[in-house]
Each structure stands twice: as C-alpha cells, then as structure tokens.
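Working notes for the structure below.
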2 protein chains.
Amino acid sequence: LIKLKDVVKTYRMGSREIFALDHVNLDIESGEYLAVVGPSGSGKSTLMNIIGCLDRFDAGTYRLAGENVDTLNDNELARIRNRKIGFIFQTFNLLPRMTALENVKLPLLYRGTSNPRSQAEAVLEDVGLGDRIDHHPNELSGGQRQRVAIARALVTDPQVLLADEPTGNLDSATGEEILELFNRLHSNERTIIVVTHEKELAQRCPRQINLRDGKITQTEARVDA
Amino acid sequence: LIKLKDVVKTYRMGSREIFALDHVNLDIESGEYLAVVGPSGSGKSTLMNIIGCLDRFDAGTYRLAGENVDTLNDNELARIRNRKIGFIFQTFNLLPRMTALENVKLPLLYRGTSNPRSQAEAVLEDVGLGDRIDHHPNELSGGQRQRVAIARALVTDPQVLLADEPTGNLDSATGEEILELFNRLHSNERTIIVVTHEKELAQRCPRQINLRDGKITQTEARVDA
Ligand SMILES: Nc1ncnc2c1ncn2[C@@H]1O[C@H](COP(=O)(O)OP(=O)(O)OP(=O)(O)O)[C@@H](O)[C@H]1O
Ligand SMILES: Nc1ncnc2c1ncn2[C@@H]1O[C@H](COP(=O)(O)OP(=O)(O)OP(=O)(O)O)[C@@H](O)[C@H]1O
Ligand SMILES: [Mg+2]
Ligand SMILES: [Mg+2]
C-alpha cells in the first residue's frame with residue numbers, strides 16, 4: 001500500500017543542510033499496525049507528513065496504492081488526503097474560530113456526506129467529549145484539544161490513519177480509551193501508523209520502526225509482546 | 001510559600017457553569033517538588049495558571065510569599081512572574097517570529113541581565129539544542145519546541161518552576177535529560193510543581209496531588225518510591 005524508496009528531505013539553514021530524512025526505504029502493507037519511534041528531532045513527523053501527502057520530498061519515490069505521489073498535483077493530493085487518510089497532528093491544528101463539533105464535521109462536509117452532524121457527534125462521544133462539542137479550542141484543555149484532533153481524523157473512517165503522538169497530552173486512562181478506538185479501526189482492516197514515545201503503545205503494535213537522524217535503523221522486527 | 005484557600009474558577013457556557021476549580025485548598029512550602037496528576041480536563045492547567053499569576057480566579061484567596069495575589073494589579077503580577085516564576089506551558093507559547101535563542105533571551109532582557117546571549121545559549125545547550133539556536137519555532141520538531149519552552153523557563157533560575165506536561169513530546173532518553181535538569185534546580189532549594197501524566201515522573205516527586213473535576217482528592221501522600 002505504501003512504498004517509499006530512497007526518500008530524502010532536506011532543509012537548508014544558511015550554509016548547512018539538514019537531512020530530516022536520509023534515504024528512507026519503507027514498505028507498508030494494507031492492514032498493518034505500526035509504531036514509529038525515535039529520539040526528538042529524528043524525522044518522525046517529517047516521515048508522517050510525507051506519507052500523508054502533506055509535504056513534498058527532495059529525492060526518491062513514494063507510491064501510494066500503486067500511484068506515484070510526486071506526479072500528482074495539489075488538487076489530486078488534497079483529494080487523496082480527504083478520501084483515504086486521517087491525520088492526527090502533533091500540534092492538533094484545529095481551526096480556532098470553529099467549535100469542536102464544527103472542526104470534526106469539516107472532513108465530512110468536504111466529502112458531501114449526508115448527516116455530518118450526527119456522525120461528528122458520535123465520534124466526539126467516543127473520545128469522551130460529548131459535553132464539550134460546543135466549546136472552541138481555546139475553551140478546552142490540552143488533552144481535550146488532542147481528542148478533538150483525534151475525532152476529526154477518525155470521523156471519515158479512513159483507510160489509513162496517521163497518528164503523530166496521539167496520547168502525548170492524555171492521562172493513562174483516557175489514553176487507553178483512544179487506543180481502544182484505534183484497535184476497533186484496525187479490526188476493520190484499516191492501516192494504522194502511530195508515532196509515539198510511550199513504550200506501552202509501541203509494544204502493542206505488531207511492527208515497530210526506529211528512526212534516528214533521518215535514517216531507519218530497524219524495520220523488520222515483529223515485536224512479540 | 002504558596003497558600004490557596006477555597007479557590008474557585010468557573011467558566012460560563014450558555015446556561016451552564018463549569019467549575020474548572022471547585023474549592024481548592026493547597027499549601028506548598030518553599031523547596032518542595034510536587035507532581036500534579038489527574039484526568040484530562042480535571043483542572044491541572046487551570047491550577048497552574050492561577051499559581052503562576054497568569055489567570056485570576058472567582059472566589060477564595062491565594063497568598064504567594066505572604067502577599068495576597070488578588071490585591072495586586074497587572075503590573076505587579078507581571079513583575080512577580082518575571083522575578084520569581086518560570087513557566088513551561090502545555091502548548092509552549094513560543095514567539096513565532098523569534099529564533100529559539102531570542103525566545104530564551106527574552107526573560108533575561110526584561111530583567112536587564114548582563115550578557116543574556118551567553119546565558120541563553122548555555123541553557124539551550126543543556127536541553128540538547130546547541131545546534132538549533134537559530135531556528136524559528138516552525139523550523140523545529142515538536143519536542144524541540146518543547147525544549148525551547150523549557151529552556152526559556154529555566155534561564156532565569158526561577159525560585160518557582162511550574163511545568164505543565166514538560167515531557168509530553170519527548171522520547172524517554174531526552175525526557176530523562178530534562179528531569180536531570182529539574183533535579184539540579186531543585187537541589188538549589190527551588191520549588192518545583194510538575195503537571196504530568198507519566199507515572200515515572202510523578203513517582204520521583206516526594207509529594208503528589210490528585211485532581212478530579214476541579215477538586216483535590218489527595219494531597220498529603222508522601223509517595224515513598
Ligand atoms: N475558556 C473556557 N471556557 C469554558 N471551559 C473551559 C475554558 N477553559 C477550560 N475550560 C474547561 O475547564 C476544564 C479544566 O481545564 P484544564 O485545562 O485545567 O484541564 P487539564 O487538567 O489541564 O486537562 P489536560 O490534562 O487535558 O491538559 C476543562 O474541562 C475545560 O473544558
Ligand atoms: N522548516 C525547517 N527548517 C529547518 N529544519 C527543520 C525544519 N523542520 C524540521 N526541521 C528539522 O528536521 C528534523 C526532523 O524534524 P521532525 O519534526 O520530523 O522530528 P521528530 O522526530 O518528529 O521530533 P519530535 O519527536 O521532537 O517531534 C529536526 O531536527 C528539525 O530541527
Ligand atoms: Mg514530531
Ligand atoms: Mg492541561
């Protein structure tokens with residue numbers, strides 16, 4: 001489903017060149033549940049943004065469901081993102097002037113789904129925010145904002161869920177509830193990739209990918225928990 | 001040092017009233033190292049904002065170093081914040097158009113410190129960002145931004161350090177380095193209050209406070225690790 005070959009992503013800072021991703025090779029099949037781990041600054045979010053068609057790269061190739069992503073224009077990328085991908089951002093990226101409910105309805109409105117309100121409300125209930133749907137992001141706690149971001153990614157029942165540190169702001173009980181939701185999604189033969197620094201979450205994933213300085217140092221290990 | 005008595009903080013949403021803090025009583029002596037734990041939405045950040053003189057409350061009293069905080073005007077509060085308190089925000093609150101170095105220098109400039117640049121650089125080295133000092137926040141990873149926020153709070157060697165989820169975006173090795181820095185600060189007889197949902201961090205604090213629905217449910221337990 002996802003095939004990265006020699007992918008490079010660099011940033012130029014003055015005379016320096018920073019390799020955020022340094023010749024990354026990665027094959028992910030449909031229905032997998034992977035954890036991406038590695039030190040702060042090692043390239044995890046960069047990898048996720050490229051897989052999620054949010055960012056372009058500088059060298060190498062990326063095939064998603066058989067299509068070469070770098071041949072697609074911006075409209076086509078936006079369409080893939082809306083149709084196939086659910087993305088939970090490390091910094092949430094909620095729209096500040098919309099309520100939690102409106103933020104979660106948005107991907108459904110783009111798809112022209114019938115009855116977006118009830119679907120959005122249902123997912124907000126699932127993440128424990130049933131009594132917060134009319135709050136704006138600045139009227140929510142950090143973990144509540146994180147859960148709105150999670151709800152928004154799940155509401156379209158995406159084929160591929162990309163979650164960048166989804167439990168970073170949650171207590172363990174609330175985090176458990178979120179992982180239950182991910183398990184339910186995975187049982188529907190969805191593909192899930194989670195960036196996490198929490199060992200318990202990484203250990204629940206059948207496969208773990210280690211990043212360090214933009215390079216993948218381990219990718220075949222099937223962790224038998 | 002810190003004395004909260006019957007503190008109440010509410011938010012009005014339409015006809016509903018939300019008690020973010022519900023009659024909170026709390027005594028903290030100089031030199032303590034406390035963990036604040038509790039579910040998402042239980043009032044932890046609200047409590048920290050009030051202790052840190054960033055937010056006003058609706059009932060009760062708060063005495064900081066013997067002074068009644070609600071009698072102080074905005075200028076006096078700003079002065080206390082700059083002189084005595086270092087605050088690490090759950091959402092970092094970095095200035096986007098300044099570099100990491102400039103963000104960390106800012107509290108020193110307010111104090112009129114001599115040689116702010118070298119002090120700011122030293123703390124950025126301490127948090128592992130020596131090679132990122134000229135990056136702007138949008139040129140940094142999530143955990144790097146978190147570390148800039150940490151450096152900014154530590155650079156003034158504050159009497160009271162308030163840290164709201166300081167390791168939420170950090171891998172365990174980098175998180176360990178940050179906790180080492182906190183230990184060093186604490187050995188200088190500084191008072192540290194950390195909001196965290198990570199059990200290992202909470203267990204290292206001699207005292208733990210549990211919040212639930214805006215109420216303190218436990219505050220005397222000295223956790224013998
Ligand atoms: N401006 C506001 N208007 C209405 N409700 C608010 C506002 N700010 C916060 N709240 C509510 O107050 C409660 C406490 O918020 P707070 O940010 O202190 O929680 P928290 O314990 O820090 O949570 P987390 O662990 O998720 O960061 C939450 O339920 C939140 O929805
Ligand atoms: N716009 C940019 N300009 C320069 N360098 C950048 C830019 N964006 C990211 N970087 C650098 O690229 C590297 C990888 O960033 P990335 O966000 O992928 O790390 P990460 O593994 O997600 O880290 P974290 O665990 O802290 O979130 C970092 O060292 C960062 O400083
Ligand atoms: Mg990241
Ligand atoms: Mg909070």
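We name chains A, B, ... by the order of the sequence lines, and we start the count at 1 in each one.
- Residues of residues 39-55 of chain B placed with any heavy atom under 4.5 Å of a heavy atom in chain A are listed by number as B:Pro39, B:Ser40, B:Gly41.
- Evaluation of the side-chain hydrogen bond (donor to acceptor under 3.5 Å, both in side chains) rule for A:Thr91 yields A:Asn93 as partners, not counting sequence neighbours.
- The part of A:Thr167 that comes within reach of chain B is its backbone (N, CA, C, O), which places non-hydrogen atoms under 4.5 angstrom from that chain.
- Contact annotation for residues 139-153 of chain A against chain B (heavy-atom separation below 4.5 Å, listed by residue number): A:Glu139, A:Ser141, A:Gly142, A:Gly143, A:Gln144, A:Arg145, A:Arg147.
- The stretch residues 120-134 of chain B places B:Asp131, B:Arg132, B:Asp134 near chain A, each with some heavy atom under 4.5 Å from a heavy atom of that chain.
- Under the 4.5 Å side-chain criterion, counting only non-hydrogen atoms from C-beta, A:His197 is not in contact with B:Leu170.
- Heavy atoms of other residues, nucleotides or ligands lying less than 6.0 angstrom from CZ of B:Arg16 number more than 12.
- Listed options A:Gly38, A:Gly168, A:Gly14 were ranked by heavy-atom pairs under 4.5 angstrom with chain B; first place goes to A:Gly168.
- The side-chain heavy atoms of A:His135 and B:Ile18, taken from C-beta on, include a pair separated by under 4.5 Å.
- Within a 6.0 Å radius of CG in B:Asp22, more than 12 heavy atoms belonging to other residues, nucleotides or ligands are found.
- Taking a 6.0 Å sphere around CZ of A:Arg81, one finds it holds more than 12 heavy atoms contributed by other residues, nucleotides or ligands.
- Looking only at atom types and distance, the side chain of B:Gln90 has a donor-acceptor partner in the side chain of A:Asn169 under 3.5 Å away.
- Taking every heavy atom of both residues into account, B:Lys199 and A:Ser172 meet most closely at NZ-OG, 3.3 Å.
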